[in-house]
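See structure below.
Scope of the values below: all heavy atoms of this structure, side chains included, with no hydrogens, waters or symmetry mates. Every chain is numbered from 1, with letters handed out A, B, ... down the list of sequences.
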There are 2 protein chains.
Amino acid sequence: MTKAPVVDPRRTLTLRDVSEASGVSEMTVSRVLRNRGDVSDSTREKVLHAARSLGYVPNKIAGALASQRVNLVAVIIPSMSNMVFPEVMMGISDTLEDTGLQPVVGITNYSPEREESVLYEMLSWRPSGVIIAGLEHSPAAHAMLESAGIPIVEIMDIDGTPVDSAVGISHRRAGRQMAEAIIAAGYRRIGFLGTKMPDDHRARKRLDGFREGLARAGLTLADEEYYRGGSALLKGREMTEAILKRTPDLDFLYYSNDMIGAGGLLYCLAQGIDVPGTLGLAGFNGVELLDGLPRKLATMDACRREIGIHAAEIIAGKRPTGVIGGEVIELFPKLQPGDTIRKV
Amino acid sequence: MTKAPVVDPRRTLTLRDVSEASGVSEMTVSRVLRNRGDVSDSTREKVLHAARSLGYVPNKIAGALASQRVNLVAVIIPSMSNMVFPEVMMGISDTLEDTGLQPVVGITNYSPEREESVLYEMLSWRPSGVIIAGLEHSPAAHAMLESAGIPIVEIMDIDGTPVDSAVGISHRRAGRQMAEAIIAAGYRRIGFLGTKMPDDHRARKRLDGFREGLARAGLTLADEEYYRGGSALLKGREMTEAILKRTPDLDFLYYSNDMIGAGGLLYCLAQGIDVPGTLGLAGFNGVELLDGLPRKLATMDACRREIGIHAAEIIAGKRPTGVIGGEVIELFPKLQPGDTIRKV
DNA sequence: CTTGTGACTGTTAGCGCTAACTATACCCTG
DNA sequence: CAGGGTATAGTTAGCGCTAACAGTCACAAG
């Protein structure tokens with residue numbers, strides 16, 4: 001009967017293994033591997049050689065517990081399936097790159113309950129900071145953010161009161177600006193097409209602002225159409241067809257995002273509708289995709305990359321002045337008229 | 001002179017705080033919060049109440065160190081910016097949902113060096129498993145995967161030898177199949193448009209297979225065009241224009257992905273080219289976006305969601321039989337002829 | 001020769017939690 | 001009522017690492 005080896009040869013390695021292999025104390029190994037404190041070149045060599053040849057991978061769990069330091073930043077966003085959050089992520093990653101900090105992403109699918117549980121889960125890993133989309137959270141989530149004791153940056157939106165810092169644009173104002181531009185271009189019978197998502201607060205705020213802009217000119221929305229799920233491009237076609245069938249005299253369509261806007265644009269072109277003569281179109285976001293369309297859709301850049309960069313800078317403590325917490329950075333989206341709004 | 005409080009009131013809470021607040025031992029609190037072991041209802045109530053009112057968030061770092069268990073699954077993928085990996089992610093998340101396991105994503109940007117460092121970083125958190133795109137890794141990365149002592153699933157591709165398990169399709173075969181379908185439809189002057197990415201091994205294998213398929217019919221590629229970076233849709237337009245200017249007698253264009261294919265399709269339609277009569281088109285991936293296009297691009301579904309599901313099942317130990325490690329699951333993409341290949 | 005100083009390395013004591021065991025009650029069975 | 005379950009709670013000993021401190025040694029200055 002073969003006896004099992006006393007020590008499992010495939011047991012995961014620890015500092016002690018490296019320490020024994022290189023003939024120095026665990027502490028010295030730790031110092032070498034973290035590049036901290038003074039270690040002689042010869043010792044360093046020995047240790048690095050031993051670590052490499054054993055294939056040692058440090059255990060950050062133990063390290064984090066002992067040092068009370070975690071190089072993780074929790075990033076909590078609603079979705080990855082349109083291009084807006086991936087771009088925010090790029091800004092975050094690029095900025096965090098040389099800080100030793102690492103983003104960890106959680107997705108909420110626009111559900112407050114999921115946001116709460118994702119946040120709880122992430123906080124239980126004691127990250128160095130939290131970047132979270134939006135200013136609206138469940139009471140419990142809000143309480144967790146308040147008492148986390150780490151930097152919190154709420155991103156995308158600044159129409160509200162942040163827990164700590166915030167970086168974003170005013171969606172309300174963005175909606176209003178678009179309304180003003182549309183009215184200035186002479187359009188009067190305006191329809192809105194958007195998502196049926198009660199928890200997409202930013203889309204709601206844009207619509208609120210848009211309505212407000214119309215109201216100031218004595219106008220109201222002539223028709224509305226909402227969708228949920230499915231291919232946004234396809235939905236854009238379908239909704240556009242539907243709203244134009246129902247209300248043929250519309251002279252402008254405002255889409256809550258560029259993807260359905262692009263679908264609408266393709267539909268209109270295929271139908272031979274005169275854009276922007278008889279019908280103007282506009283979306284929101286400024287996604288790169290639009291560059292490839294036959295005609296450029298009017299839109300508004302949401303400053304996604306910049307938002308990511310600034311948020312990461314706050315977490316990394318890179319912001320210039322000595323501001324501690326409570327910083328609010330407002331960015332200003334630019335209207336890109338493209339080819340789907342009449343020139344005034 | 002005010003004396004600092006002995007205990008920082010905003011010091012993060014520990015089990016001990018909850019234990020003191022509820023008058024039971026730390027162990028009992030731990031049991032309640034993890035729902036493990038027998039605890040009387042009255043004690044459970046007391047503990048839960050205390051934990052909630054204090055706003056206690058468990059420290060998973062300490063928990064993981066003590067229990068040698070981490071509920072994290074490392075997912076390492078090259079990119080999030082086209083829709084292919086987000087869809088794989090959905091499959092993974094949905095499957096992991098009810099297992100207590102949580103995916104953590106790392107992005108490599110198709111760089112072997114970044115893959116290596118992301119992998120190292122993730123392994124240092126001692127995840128329960130690794131899902132990683134592709135079969136090609138640096139020697140160091142390969143060694144880490146080999147000796148990690150946890151389930152490894154290499155996804156997307158099965159043309160090669162996996163470290164442990166693999167789930168994916170044969171890109172080589174996919175390319176060959178497409179070539180066969182194109183030839184069967186009578187096209188002969190075939191051009192290829194793709195990315196200039198030496199480390200996108202799957203795109204390379206598809207092209208290899210495609211060339212092989214052509215060769216069997218005595219054909220070779222009539223022209224090729226490559227791009228790097230930028231809006232894929234726009235690049236698709238530009239490249240299509242370029243290749244058709246250079247080689248006007250092409251009768252088919254095979255794109256390495258649907259996004260540039262869509263750009264090409266829009267260009268051809270705008271130019272009034274007879275598709276699929278004089279010119280046939282095909283892409284690869286089966287992205288949902290295409291549903292919204294005026295005409296459906298021929299493509300091949302890469303089984304993205306299924307790949308995510310199966311990979312997660314392997315990690316979660318959900319696979320039906322008692323297979324341990326070394327499992328290879330091959331999926332078979334279906335050709336979707338759409339409207340851009342002549343019917344035979 | 002003593003003392004100090006800087007460069008290097010080792011020792012000790014946890015970080016906050018959980019596995020594994022031990023200690024009580026309390027109840028049943030025969 | 002002994003013997004032995006069973007449900008519940010507590011105790012002990014780490015998990016693998018690092019902060020903080022404590023040497024040790026060589027060499028220069030006094």
Checklist entry - Reading DNA chain C 5' to 3', which nucleotide is the first, and which the last, to come under 4.0 Å of any heavy atom in chain A? => result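 Endpoints of the contacted stretch of DNA chain C: C:dC8 to C:dG16.
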Checklist entry - Which comes earlier along DNA chain D counting from the 5' end, the contact point of B:Ser67 or that of B:Glu26, where each point is its nearest nucleotide? => result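 First, find each residue's nearest nucleotide; the 5'-ward one identifies B:Glu26.
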Checklist entry - Starting at the 5' end of DNA chain D and moving along, which residue's nearest nucleotide shows up first, A:Arg31 or A:Lys60? => result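 On the 5' side of the pair lies A:Lys60.
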Could you state the atom-to-atom distance from [atom1] of [X] to [atom2] of [N] in whole Å?
X: B:Glu20; N: D:dG10; atom1: CD; atom2: C1'; result: 15 Å
X: B:Leu15; N: D:dG10; atom1: CG; atom2: P; result: 13 Å
X: B:Arg36; N: D:dA7; atom1: CZ; atom2: P; result: 18 Å

Next on the checklist: Salt bridge or not between A:Glu154 and A:Arg202? Use side-chain N to carboxylate O under 4.0 Å.
Outcome noted: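 Here A:Glu154 does not pair with A:Arg202 in a salt bridge, since their nearest N and O are not under 4.0 Å apart.
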Next on the checklist: By the 4.0 Å heavy-atom rule, please label A:Asn59 as base, sugar-phosphate, or nothing.
Outcome noted: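 If one applies the 4.0 Å heavy-atom cut-off, A:Asn59 turns out to touch the sugar-phosphate alone, with no base involved.
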Measuring only between side-chain heavy atoms, which start at C-beta, is [X] closer than 4.5 Å to [Y]?
X: B:Val167; Y: B:Val328; result: no
X: B:His137; Y: B:Ile132; result: yes
X: B:Val104; Y: A:Val105; result: no

Checklist entry - Out of A:Asn59, A:Val57, A:Ile61, which one pairs with B:Trp125 under the side-chain contact (heavy atoms from CB on, under 4.5 Å) rule? => result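 Single side-chain contact (heavy atoms from CB on, under 4.5 Å) partner of B:Trp125 among A:Asn59, A:Val57, A:Ile61: A:Ile61.
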Item to check | Residue that, paired with B:Ile150, satisfies side-chain contact (heavy atoms from CB on, under 4.5 Å) out of B:Val130, B:Asp164, B:Val73 | outcome: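 Going through B:Val130, B:Asp164, B:Val73 one by one, the side-chain contact (heavy atoms from CB on, under 4.5 Å) with B:Ile150 is satisfied by B:Val130 alone.
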